Amino acid sequence: MTNRRRVFLSLALGMALLTASFAVQSCSISYTFNGASVDYTKTKTIQISEFPIRANYVWGPMANIFNNQLKDQYANHTKLIQVRANGDLRLDGEITRYEQRNKSVSAEGYSAQTELSMTVNVRFTNNTNHAEDFERQFTATATYDTTRSLNSVQEELVNQMVKEITEQIFNATVANW
């Protein structure tokens, strides 16, 4: 290879690298791995009200578990500051249903599995873009064998359903899913 050719290839490679570096510097791509897509220049705060239990059947700790998990979901996955009033985003609602029903029957005609379900009614207000406001219900279910009592599985199943519902709410409000 001649010296002239080496110089030409070196210059071409240098120009390609220089062009690539300018392209990378001029483009700004932002990825979030938690699913949140919040415009933090417009939206800085979120107000999350306490969700009371309005269901006919009540398990005492359920409201605290739900309210804490919902607040943690936004604290852990966004940069939004939680405020008590006048938030850019606002969540309020109530736990409207908590019930169990037979899901399957054994060959002997007895209940083999029971399904526990929880429904939460949510009112979402986006004070920076009211076109995104909604009122919607979110439901999760969990199944357990009737050889076990509800008391022995209730905490585990409620935590599982609360996790699912708070993820649904998060996705519907700030993840644009």
Side-chain angles (χ1 to χ4, degrees), residues 32-38 43 45-85 87-177:
T32 57
F33 296 102
N34 59 23
S37 59
V38 177
T43 308
T45 61
I46 185 166
Q47 174 187 342
I48 303 174
S49 300
E50 294 292 313
F51 283 59
I53 301 174
R54 300 274 189 254
N56 291 332
Y57 179 69
V58 175
W59 181 58
M62 185 170 53
N64 285 338
I65 292 170
F66 176 80
N67 288 310
N68 290 334
Q69 178 64 33
L70 185 62
K71 290 173 185 175
D72 288 349
Q73 184 76 20
Y74 288 88
N76 294 335
H77 299 293
T78 70
K79 295 187 268 182
L80 296 170
I81 298 165
Q82 293 186 25
V83 296
R84 292 180 186 234
D88 297 325
L89 303 179
R90 184 171 160 223
L91 282 170
D92 66 289
E94 51 279 328
I95 300 168
T96 58
R97 198 178 86 198
Y98 180 63
E99 60 191 18
Q100 59 181 341
R101 67 176 184 86
N102 291 331
K103 183 168 180 165
S104 65
V105 178
S106 68
E108 296 82 27
Y110 299 107
S111 175
Q113 288 187 320
T114 301
E115 182 178 79
L116 191 62
S117 66
M118 179 178 177
T119 300
V120 178
N121 187 59
V122 175
R123 288 176 294 281
F124 173 68
T125 306
N126 183 339
N127 289 314
T128 62
N129 181 5
H130 285 290
E132 295 181 358
D133 295 357
F134 66 78
E135 182 170 359
R136 191 180 318 168
Q137 293 192 349
F138 297 89
T139 300
T141 61
T143 304
Y144 67 97
D145 290 333
T146 53
T147 57
R148 300 177 72 189
S149 70
L150 177 59
N151 286 339
S152 70
V153 297
Q154 191 161 225
E155 184 174 359
E156 175 189 345
L157 298 181
V158 166
N159 278 307
Q160 178 185 327
M161 291 185 298
V162 164
K163 182 179 187 310
E164 185 178 330
I165 290 173
T166 57
E167 286 174 356
Q168 290 174 25
I169 294 167
F170 181 85
N171 289 338
T173 56
V174 297
N176 295 328
W177 287 62

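The analysis underlying the following values was restricted to heavy atoms, covering all of them including side chains, and did not include hydrogens, waters or symmetry mates. Keep in mind that this is a model prediction, so the values were computed, not measured.
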Report summary line: In terms of heavy-atom contacts, Q47 and G87 come closest through OE1-N, 3.5 Å
Report task. May I ask you to check whether N102 and S111 show a side-chain donor-acceptor distance below 3.5 Å? Result -> yes
Query raised in the report: Is the side chain of Q73 donor-acceptor paired with the backbone N or O of E167 at a distance under 3.5 Å, no angle test?
Result: no
Query - Nearest-0.5 Å distance, OG1 of residue T96 to CZ of residue R54 - result: 10.5 Å
Query raised in the report: Under the side-chain contact (heavy atoms from CB on, under 4.5 Å) criterion, do N76 and F170 qualify, and how do the steps go?
Result: CA-CA 11 Å; N76 294 335; F170 181 85; over 6 Å; no
Report summary line: Residues N67 and S49: closest non-hydrogen pair is OD1-O, 4.1 Å
Query raised in the report: Which value, rounded to the nearest 0.5 Å, describes the distance between K163 atom NZ and D72 atom CG?
Result: 12.0 Å
Report summary line: Smallest heavy-atom separation, Q113 atom then T146 atom, equals C-CG2, 3.9 Å
Query raised in the report: Between T125, V122, N121, which is the residue that forms a side chain to side chain contact (heavy atoms under 4.5 Å, CB included) with E135?
Result: N121
Query raised in the report: Could you walk me through whether T173 and L89 pass the side-chain contact (heavy atoms from CB on, under 4.5 Å) check?
Result: CA-CA 9 Å; T173 56; L89 303 179; 6.0 Å; no
Query - Any donor-acceptor pair under 3.5 Å from N126 side chain to N129 backbone - result: yes
Report summary line: What one should report as the nearest heavy-atom pair of L80 and T45 is CD2-N, 4.0 Å
Requested in this report: Step by step, work out the side-chain contact (heavy atoms from CB on, under 4.5 Å) result for K79 and V38.
Outcome: CA-CA 9 Å; K79 295 187 268 182; V38 177; over 6 Å; no
Report task. Would you mind reporting whether W59 and I65 have side-chain heavy atoms less than 4.5 Å apart? Result -> yes
Query raised in the report: Atom CG in N64, atom CD1 in I53: separation rounded to 0.5 Å?
Result: 8.5 Å
Query raised in the report: Q168 and T139: which non-hydrogen atoms are nearest, and at how many Å?
Result: NE2-O, 3.3 Å
**Report entry** Smallest separation among heavy atoms of P52 and G93, with atom names
**Finding:** CD-O, 3.3 Å
Please tabulate, for side-chain N and O atoms in residues 154-162, each donor-acceptor pair with protein atoms closer than 3.5 Å (sequence neighbours left out).
residue: Q154; atom: OE1; partner: Y98; partner atom: OH; Å: 2.7
residue: N159; atom: ND2; partner: E155; partner atom: O; Å: 2.9

Query - Close side-chain approach of N56 and E99, heavy atoms under 4.5 Å - result: no
Requested in this report: Determine which pairs satisfy ring-ring contact (aromatic ring centres under 6.0 Å, His included) with at least one residue from residues 120-157, sequence neighbours left out, and list them in order.
Outcome: F124-F134
**Report entry** Side chains of L91 and Y74 in contact at under 4.5 Å (non-hydrogen atoms)
**Finding:** yes
Query raised in the report: What distance do Q137 atom CD and R97 atom CZ have between them, rounded to the nearest 0.5 Å?
Result: 8.0 Å
Query raised in the report: Have T141 and S117 got a donor and an acceptor in their side chains that come within less than 3.5 Å?
Result: no
Requested in this report: Could you list the residues that satisfy ring-ring contact (aromatic ring centres under 6.0 Å, His included) with F66, not counting sequence neighbours?
Outcome: F51
